[in-house]
**Student:** 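If you scroll down you'll find the structure; I have some questions about it.
Order of listing sets the numbers, starting from 1, for every ligand and every atom in it. Numbers for residues simply follow the sequence, beginning at 1.
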Amino acid sequence: MAHDYDSDNIFAKILRGEIPNDTVKETEHSLAFRDIQPQAPVHVLVIPKGAYVTFDHFAQEASDAEIVDYVRLVGDIARAEGLEEDGFRLISNAGKTGVQEVPHLHVHILAGRPLGRMLQKA
Ligand code: 5GP
């Protein structure tokens, strides 16, 4: 997968402060904010501040510090939102097959209702 980063994408604009967001938590290398069109009672997006398109791009090129910060923030948000007991789902869409709309790495944290089986048949 090509990793050309489009710095005009909407999450890049959020990171530059050009578009407002409902921040849940910010760390040195990452930002968590609520999805503008929530698909569940809890729908938080977690993004790295660096210019990474997909999870594999991030895994390949991010520093250890960025990766640790990011993974810890995903877990911290799940706990802070009170999701430990009932659980949650993480989704990270990549590219065409994953139907990724915003080309900046993000993990969706979804919870707050039964989410059904993982995938529907196409
Ligand atoms: P994808 O399909 O790329 O995995 O998901 C992109 C997500 O970004 C969607 O759930 C969409 O609702 C969310 N989104 C798109 N634009 C904005 C925005 O301007 N602000 C916020 N908070 N979320 C957005």
Side-chain angles (χ1 to χ4, degrees):
M1 190 181 290
H3 294 141
D4 292 336
Y5 184 80
D6 169 14
S7 50
D8 279 336
N9 79 75
I10 202 108
F11 295 168
K13 291 180 180 172
I14 284 176
L15 285 167
R16 289 196 296 267
E18 294 165 14
I19 292 177
N21 74 92
D22 184 359
T23 298
V24 179
K25 190 171 176 188
E26 182 172 3
T27 60
E28 184 180 0
H29 296 296
S30 316
L31 179 69
F33 55 98
R34 299 203 186 274
D35 196 289
I36 205 166
Q37 280 193 299
Q39 308 281 321
V42 176
H43 190 168
V44 177
L45 301 171
V46 186
I47 66 174
K49 291 182 178 174
Y52 304 105
V53 183
T54 58
F55 198 96
D56 66 289
H57 183 203
F58 184 65
Q60 213 173 16
E61 293 189 12
S63 67
D64 290 1
E66 290 175 294
I67 291 171
V68 169
D69 179 294
Y70 186 67
V71 173
R72 285 215 197 284
L73 181 58
V74 173
D76 287 350
I77 296 301
R79 277 193 311 282
E81 295 287 315
L83 310 182
E84 275 175 298
E85 191 170 328
D86 286 349
F88 55 90
R89 180 171 294 162
L90 303 181
I91 296 175
S92 188
N93 298 315
K96 211 170 17 167
T97 296
V99 194
Q100 180 180 13
E101 282 172 29
V102 181
H104 182 112
L105 169 62
H106 49 285
V107 165
H108 299 255
I109 304 176
L110 294 150
R113 66 168 172 81
L115 296 172
R117 292 182 68 89
M118 190 167 66
L119 292 176
Q120 293 175 345
K121 288 187 181 145

**Student:** Number the atoms of ligand 1 from 1 as they appear, then name those within less than 4.0 Å of a heavy atom of F33, with their elements.
**Tutor:** 21 (C), 22 (N)

**Student:** Should we count OH of Y5 as having more than 12 external heavy atoms under 6.0 Å?
**Tutor:** yes

**Student:** Among protein heavy atoms, which lies nearest atom 2 (O) of ligand 1, and at what distance?
**Tutor:** E101 N, 3.3 Å

**Student:** What's the shortest distance from atom 17 (C) of ligand 1 to any protein heavy atom, and which residue and atom give it?
**Tutor:** I36 CG2, 3.7 Å

**Student:** Can you list the ligand 1 atoms lying under 4.0 Å from a non-hydrogen atom of Q100?
**Tutor:** 3 (O)

**Student:** Starting from atom 8 (O) of ligand 1, which protein heavy atom do you reach first, and at what distance in Å?
**Tutor:** F11 CZ, 3.4 Å

**Student:** Under 4.0 Å, counting heavy atoms only: does V99 come that close to any atom of ligand 1?
**Tutor:** yes

**Student:** Got a donor-acceptor contact below 3.5 angstrom from the Q100 side chain to the V53 backbone?
**Tutor:** yes

**Student:** Any atoms of ligand 1 less than 4.0 Å from a non-hydrogen atom of H106? List them with their elements.
**Tutor:** 1 (P), 3 (O), 4 (O), 5 (O), 6 (C)

**Student:** For the pair H106 (side chain) and H104 (backbone), establish whether a donor and an acceptor sit closer than 3.5 Å, ignoring hydrogens and angles.
**Tutor:** yes

**Student:** Within ligand 1, which atoms have a heavy atom of H108 less than 4.0 Å away?
**Tutor:** 1 (P), 4 (O), 5 (O), 7 (C), 10 (O)

**Student:** CG of D22: more than 12 outside heavy atoms within 6.0 angstrom?
**Tutor:** yes

**Student:** For V102 and ligand 1, answer yes if some heavy atom of the residue is under 4.0 Å from a ligand atom, otherwise no.
**Tutor:** yes

**Student:** Would the number of heavy atoms belonging to other residues, nucleotides or ligands and lying under 6.0 Å from CZ of R89 be above 12?
**Tutor:** yes

**Student:** For atom 13 (C) of ligand 1, what is the closest protein heavy atom, and at what distance to 0.1 Å?
**Tutor:** D35 OD2, 3.3 Å

**Student:** So if I count the atoms of ligand 1 from 1 in the order they appear, which ones are less than 4.0 Å from some heavy atom of N93?
**Tutor:** 1 (P), 2 (O), 4 (O)

**Student:** Just jot down the ligand 1 atoms closer than 4.0 angstrom to any heavy atom of Q37, in number order.
**Tutor:** 12 (O)

**Student:** For residues I109 and L83, determine if any side-chain heavy atom of one lies less than 4.5 Å from a side-chain heavy atom of the other.
**Tutor:** yes

**Student:** Could you check whether K25 pairs with E81 (Lys NZ or Arg NE/NH1/NH2 to Asp/Glu carboxylate O, under 4.0 Å)?
**Tutor:** no

**Student:** Report the part of I10 (side chain from C-beta onward, or backbone N, CA, C, O) that has a heavy atom under 4.0 Å from ligand 1; answer both or neither where that applies.
**Tutor:** side chain

**Student:** Between Y70 (side chain only) and V46 (backbone N and O only), is there a donor and an acceptor less than 3.5 Å apart?
**Tutor:** yes

**Student:** So for R34, does at least one of its heavy atoms come nearer than 4.0 angstrom to any atom of ligand 1?
**Tutor:** yes

**Student:** Could you check if a side-chain atom of R72 sits within less than 4.5 angstrom of a side-chain atom of S30, using non-hydrogen atoms only?
**Tutor:** no

